[in-house]
Peer 1: 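This structure is in structure tokens; I'll ask about it shortly.
Note on naming: letters A, B, ... go to the chains in the order of the sequence lines (proteins, then strands), and numbering restarts at 1 for each one. Here the structure is a predicted model, which means the values were calculated and not measured.
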Amino acid sequence: MQIHKYDTVIVGAGGAGMRAAIEATKRSRTAVLTKLYPTRSHTGAAQGGMAAALANVEEDNWEWHTFDTIKGGDYLVDQDAAEILAKEAIDAVLDLEKMGLPFNRTPDGTIDQRRFGGHSRNHGEAPVRRACYAADRTGHMILQTLYQNCVKEGVEFFNEFYVLDQLITEVDGVKKSAGVVAYELATGELHIFQAKSVVYASGGTGKFFKVTSNAHTLTGDGQAACYRRGLPLEDMEFFQFHPTGIWRMGILLTEGARGEGGILRNKDGERFMEKYAPVMKDLASRDVVSRSIYTEIREGRGCGPEGDHVYLDLTHLPPEQLDAKLPDITEFARTYLGIEPYTDPIPIQPTAHYAMGGIPTNVQGEVLADNDTVVPGLYAAGEVACVSVHGANRLGTNSLLDINVFGRRAGIAAAEYAHRAEFVELPENPAELVEKQVENLRNSTGTERVAVLRKELQETMDANVMVFRTEQTIKTAVEKIAELRERYKNVSVQDKGKRFNTDLLEAIELGNLLDLAEVMAVSALARKESRGGHYREDYPNRDDVNFMRHTMAYRETDASGKDSIRLDYKPVVQTRYQPMERKY
Amino acid sequence: MSTATLDKLEAEAQTSHNIKVTFRVRRFNPEISDEATWQDFELEIDPKERVLDGLHKIKWDLDGSLTFRRSCAHGICGSDAMRINGKNRLACKTLIKDINPAKPITIEPIKGLTVLKDLVVDMEPFFQAYRDVMPFLITKGNEPTRERRQSAEDRERFDDTTKCILCAACTSSCPVFWNDGQYFGPAAIVNAHRFIFDSRDEAGEQRLEILNDKDGVWRCRTTFNCTDACPRGIEVTKAIQEVKRALITRRF
């Protein structure tokens, strides 16, 4: 086992991790540990754009953006954080341009902007062009540009190093981050990284759903590592279902398609969003559109012999516009469905897309141990974190923004903390937990298979905690997850080797998914209201009196070693916006 | 709303159309043996599924030790370039029906890079060549307060090469690269092109000098393998030709 010492360790090399690394490397000795090669991260799959009130093509300002973000999040957004997001958005986009990002341009050579869901002029009057974009591959360009700048800055990467545990040492009664334990995929060796600062930027956890836009590798590794060490997870019941995933496959088709004029239609060809959102129509917020689609399907207006999808219609748009603005998603339709978007509408259904919840942080990216206490030396940014700028529902283009604004903030804060802090002593036997976990899995002769359990998990999540939820469906999920967690103890892998053991890796990932699915379901059960992405048919209204608060879920372990979830709540930060009824 | 293609798609999706296919996979695990071998797996699969789905069926249902990289599963992350029926492709962008499933489908690691296990190769030399062309924007003078201006035409000039996902399908399809791993390879040249022809960049000359090296663009024999292999549809050979021309004319 090797022990490494760095000022700052960043876990994950997607947008947030690399944005943090660019700052941290300039200021401190930094290592980036990443499960995947950096350019494989799922930031690259983001398509439509990154919001910033540049006002390049029409009047706009960051205050409108702040309001839209708060309203979009159904008022569960921490308003101080949303204000920072919207204000710093402008520099975040300009910084990327200066780093080389090839944005689409206006006729006068400035960054072009387009419409996106929930982004409006003057507090909801009409859609506004706020999304800065590079065709429908904005995420790809951000990921490439950030990697390019990491190369330029000489960022030190440990590729295919999988962080499995967060080390915490108590110093004078204060829990401090001491470092992390990582598993080197190529060799099967464990590595201890002692660090003054650790930044989690390891992404989302969408793979506990079956129909999802998420990569196979998005298994909530960072969330799980912190949660198992007693740190809370915030607002995990809020998960975003993107309205337009390719039917049955879940592959993302950007909201930018509707920003460019695409229309959702039911089997009668009706533009049904006019009924549900008379002003914003197809560009209402994602939770609203996804629920509308499922309402159409449930009421018998879905398309196809089974009536289980609707259409995204681009056929009225000029082919030149599709080629210039939406080249990738039109190619996906051709490749995976064999249809021609110039002439055929595209069958779509909502797809599990984004975790609004995650590791709670303040606006400096510092991780919280409870409602107010920070964990010195521990940071998080991006989808793994909950700051909370997305509240109960994230607006499209705000995640590419989030990773840049809060990735940068966390990178700076972590490096500056490393300057003034001393190394925290490692716990005794720092790798003990991981060694046991890895060896148990490798040596297990159990009869359960990873793929079988994962499939059952994904099926129960899709059936019970998706767009529509009730007490009964959530309870069904909770019971099923408990059963699967029990069966997981009896799981075994076929590959017993050390070298590139991805069989073992998938088993570990499944353990993370199961723990996080449980947190999600238990948090959802307790939230007896409907807000943003969390819709309870048995409690169809928002309840600000009882639930205008963040959920904080903690793992507790009793004397016998049995774990359970304790829920607590944290107030929402409100500055200037009073909650109003949400209409689009 | 319906169209003929759409009706067919929706009707077909109702019933299972699984067919039997053979995946003939190149296996190598130095923990077990120094020799690589072929192993056949019989699968039932819908021909509209991806080769990656087939590999997952093997890994999840038949043999957990089969090892390959993958992540996004829709052609964006660049993890799963492999040699499928002798041609470099992304497993997640190749549908079974498009590669003659009547015969065994051969699957091997991409060539020219050291195989570490099964379909996993050592990507370091590939990324080193990429890093060597200075793949980042270099500018001089003071930064503007707002964005740098760039006309839509200037932006269009290098659009094709911005699409690269660094999957290595091109470089590992190049016979010159197979024979001599010192050659920068198409992907590195594509990424140099992306900056040489970016009107905002001011280090084109330096990059051209790097590619003027004995292991640079002049090694290209214009076999077009790279263009055929690129899953993003980049005209790789054309980009290399443009870099060659820029070296001669010093205009870009």
Peer 1: If I measure from the heavy atoms of chain A, does B:Met134 come under 4.5 Å with its side chain, its backbone, both, or neither?
Peer 2: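 Nothing of B:Met134, per the 4.5 Å heavy-atom cut-off to chain A.
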
Peer 1: Less than 4.5 Å to any heavy atom of chain A: does that hold for the side chain of B:Ala13, its backbone, both, or neither?
Peer 2: both

Peer 1: Does the side chain of A:Val151 reach to within under 4.5 Å of the side chain of B:Phe136, using non-hydrogen atoms?
Peer 2: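 Yes, close enough: below the 4.5 Å cut-off.
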
Peer 1: Compare all side-chain heavy atoms of A:Pro347 with those of B:Leu9 and state whether any distance is below 4.5 angstrom.
Peer 2: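 A:Pro347 reaches B:Leu9 side chain to side chain.
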
Peer 1: Which distance, rounded to the nearest 0.5 Å, do you find between the NE2 of A:His140 and the SG of B:Cys77?
Peer 2: 12.0 Å

Peer 1: Only counting residues at least two apart or in another chain, list the ones meeting side chain to side chain donor-acceptor pair (under 3.5 Å) with A:Gln458.
Peer 2: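 Side chain to side chain donor-acceptor pair (under 3.5 Å) list for A:Gln458, sorted by chain: empty.
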
Peer 1: I want to check something: taking the side chain as every heavy atom from C-beta on, are B:Leu6 and A:Tyr311 in contact at a cut-off of under 4.5 Å?
Peer 2: yes

Peer 1: How long is the gap from CG on A:Leu143 to CD1 on B:Ile76, to the nearest 0.5 Å?
Peer 2: 11.0 Å

Peer 1: If you count heavy-atom pairs under 4.5 Å between each of A:Gly269, A:Pro305, A:Gly338 and chain B, which one has the most?
Peer 2: A:Pro305

Peer 1: Verify ring-ring contact (aromatic ring centres under 6.0 Å, His included) between B:His74 and A:Tyr336, making sure each step is shown before the conclusion.
Peer 2: CA-CA 9 Å; B:His74 65 285; A:Tyr336 296 111; 7.3 Å; no

Peer 1: With chain B as the partner, which of A:Pro102, A:Ala135, A:Ala45, A:Gly44 has the greatest number of non-hydrogen pairs under 4.5 Å?
Peer 2: A:Pro102

Peer 1: On the six-membered ring of A:Tyr37, is B:Arg69 placed so that its NZ or CZ lies under 6.0 angstrom from the centre and within 45° of the ring axis?
Peer 2: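 No, B:Arg69 and A:Tyr37 do not form such a contact.
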
Peer 1: Quick one, B:Lys93 with A:Glu331, criterion side-chain contact (heavy atoms from CB on, under 4.5 Å). Give me CA distance, side-chain angles, the key distance, then yes/no.
Peer 2: CA-CA 11 Å; B:Lys93 257 191 122 173; A:Glu331 195 203 313; 2.5 Å; yes

Peer 1: Is A:Asp495 paired with B:Lys117 through a side-chain N to carboxylate O contact shorter than 4.0 Å?
Peer 2: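 The answer is yes: the pair qualifies as a salt bridge.
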
Peer 1: Given side-chain contact (heavy atoms from CB on, under 4.5 Å), test B:Arg131 with A:Lys152 step by step and report yes or no.
Peer 2: CA-CA 9 Å; B:Arg131 290 191 289 264; A:Lys152 185 179 180 182; over 6 Å; no

Peer 1: Indicate the atoms forming the closest heavy-atom contact of B:Leu137 with A:Gly100, along with that distance.
Peer 2: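 Smallest heavy-atom distance, with atoms named: CD2-CA, 3.6 Å.
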
Peer 1: Once rounded to the nearest 0.5 Å, what's the spacing between atom CD of A:Glu340 and atom OG1 of B:Thr5?
Peer 2: 9.0 Å

Peer 1: Do B:Glu147 and A:Phe103 come close enough that some side-chain heavy atom pair is under 4.5 Å?
Peer 2: no

Peer 1: For B:Thr145, is there any backbone N or O sitting under 3.5 Å from a side-chain donor or acceptor partner on A:Lys98?
Peer 2: yes

Peer 1: Looking only at heavy atoms and a cut-off of under 4.5 Å, which of B:Phe158, B:Phe195, B:Tyr130 has the most pairs with chain A?
Peer 2: B:Tyr130

Peer 1: Check B:Asp159 against A:Arg137 and note the closest heavy-atom contact, atom names and distance.
Peer 2: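 Looking at all heavy atoms of both residues, the shortest contact is OD2-NH1, 4.2 Å.
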
Peer 1: Sort out for me which of B:Gly233, B:Gly64, B:Ser79 touches chain A most, counting heavy-atom pairs under 4.5 Å.
Peer 2: B:Gly64

Peer 1: Of all of A:Leu101, A:Leu36, A:Thr343, which one pairs up most often with chain B through heavy atoms under 4.5 Å apart?
Peer 2: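 Most heavy-atom pairs under 4.5 Å with chain B: A:Leu101.
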
Peer 1: Please identify, among A:Asp108, A:Asn501, A:Leu504, A:Asp313, the residue contributing the most non-hydrogen atom pairs under 4.5 Å to chain B.
Peer 2: A:Asp108

Peer 1: Drop me the distance from B:Phe68's CZ to A:Phe500's CZ, to the nearest 0.5 angstrom.
Peer 2: 13.5 Å

Peer 1: At a 4.5 Å cut-off on heavy atoms, which part of B:Arg148 comes close to chain A: side chain, backbone, both, or neither?
Peer 2: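 The answer is both parts of B:Arg148.
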
Peer 1: First locate atom CZ of B:Arg70, then atom OG1 of A:Thr502, and finally report the distance between them rounded to the nearest 0.5 Å.
Peer 2: 7.5 Å

Peer 1: May I ask you to name which of B:Gly75, B:Ala11, B:Pro135 has the most heavy-atom pairs under 4.5 Å with chain A?
Peer 2: B:Pro135

Peer 1: Taking the side chain as every heavy atom from C-beta outward, state whether B:Ile165 and A:Thr39 have any atom pair closer than 4.5 Å.
Peer 2: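 Contact flag for B:Ile165/A:Thr39 side chains = no.
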
Peer 1: Run the numbers on A:His42 and B:Cys72 for side-chain contact (heavy atoms from CB on, under 4.5 Å), then give the verdict.
Peer 2: CA-CA 7 Å; A:His42 212 53; B:Cys72 80; 3.8 Å; yes

Peer 1: Do A:Glu97 and B:Gln150 have side chains that approach each other closer than 4.5 Å (heavy atoms only, starting at C-beta)?
Peer 2: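 Not touching, per the 4.5 Å side-chain cut-off.
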
Peer 1: Any donor and acceptor pair, going by atom type alone, linking the side chain of A:Arg105 with main-chain N or O of B:Ser151 inside 3.5 Å?
Peer 2: no

Peer 1: Can you find a heavy atom in the side chain of B:Lys59 that is under 4.5 Å from one in the side chain of A:Glu506?
Peer 2: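 When only atoms from C-beta onward are counted, A:Glu506 and B:Lys59 do touch, with a gap below 4.5 Å.
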
Peer 1: Would you indicate whether the side-chain heavy atoms of A:Arg499 and B:Leu116 approach each other to under 4.5 Å?
Peer 2: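 Yes, side chains in contact.
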
Peer 1: So for B:Lys8, is it side chain, backbone, both, or neither that comes closer than 4.5 Å to the heavy atoms of chain A?
Peer 2: neither

Peer 1: What's the shortest heavy-atom distance between A:Asp344 and B:Thr3, and which atoms?
Peer 2: OD1-OG1, 2.6 Å

Peer 1: Please state whether the side chain, the backbone, both or neither of B:Leu95 comes within less than 4.5 Å of a heavy atom of chain A.
Peer 2: side chain

Peer 1: Mind checking what makes side chain to side chain contact (heavy atoms under 4.5 Å, CB included) contact with B:Arg146, not counting sequence neighbours?
Peer 2: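 If we apply the side chain to side chain contact (heavy atoms under 4.5 Å, CB included) test to B:Arg146, skipping adjacent residues, the hits are A:Leu54, A:Asn56, A:Ile90, A:Leu94.
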
Peer 1: Sort out for me which of A:Val450, A:Leu337, A:Val493, A:Asn149 touches chain B most, counting heavy-atom pairs under 4.5 Å.
Peer 2: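 Result: the option with the highest number of such pairs is A:Leu337.
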
Peer 1: Applying a criterion of heavy atom separation less than 4.5 Å, what residues of residues 29-37 of chain B form contacts with chain A?
Peer 2: B:Asn29, B:Pro30, B:Glu31

Peer 1: Select, from B:Glu10, B:Arg50, B:Met123, B:Lys48, the one with the greatest count of heavy-atom pairs under 4.5 Å involving chain A.
Peer 2: B:Glu10

Peer 1: Measure distances from A:Arg265 to the heavy atoms of chain B and classify the residue's part below 4.5 Å as side chain, backbone, both or neither.
Peer 2: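 Looking at A:Arg265, just its side chain touches chain B.
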
Peer 1: Taking all non-hydrogen atoms of both residues, which atom of B:Ser65 and which atom of A:Asp503 are closest, and how far apart?
Peer 2: N-OD2, 4.5 Å

Peer 1: Flag the one option from A:Gly497, A:Ala451, A:Pro345 with the top tally of heavy-atom pairs under 4.5 Å to chain B.
Peer 2: A:Pro345

Peer 1: Nearest heavy-atom pair of B:Arg232 and A:Asp328: which atoms, and what distance?
Peer 2: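 So the two residues come closest at NH2-OD2, 3.1 Å.
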
Peer 1: Could you tell me which residues satisfy side chain to side chain donor-acceptor pair (under 3.5 Å) with A:Gln144, sequence neighbours excluded, listed by chain and number?
Peer 2: none

Peer 1: Evaluate the criterion side-chain contact (heavy atoms from CB on, under 4.5 Å) for residue pair A:Lys455 and B:Trp60; output intermediate values, then yes/no.
Peer 2: CA-CA 10 Å; A:Lys455 187 159 174 268; B:Trp60 295 342; over 6 Å; no

Peer 1: Please report the shortest heavy-atom distance between A:Asn159 and B:Glu124, naming the atom on each side.
Peer 2: ND2-OE2, 3.9 Å

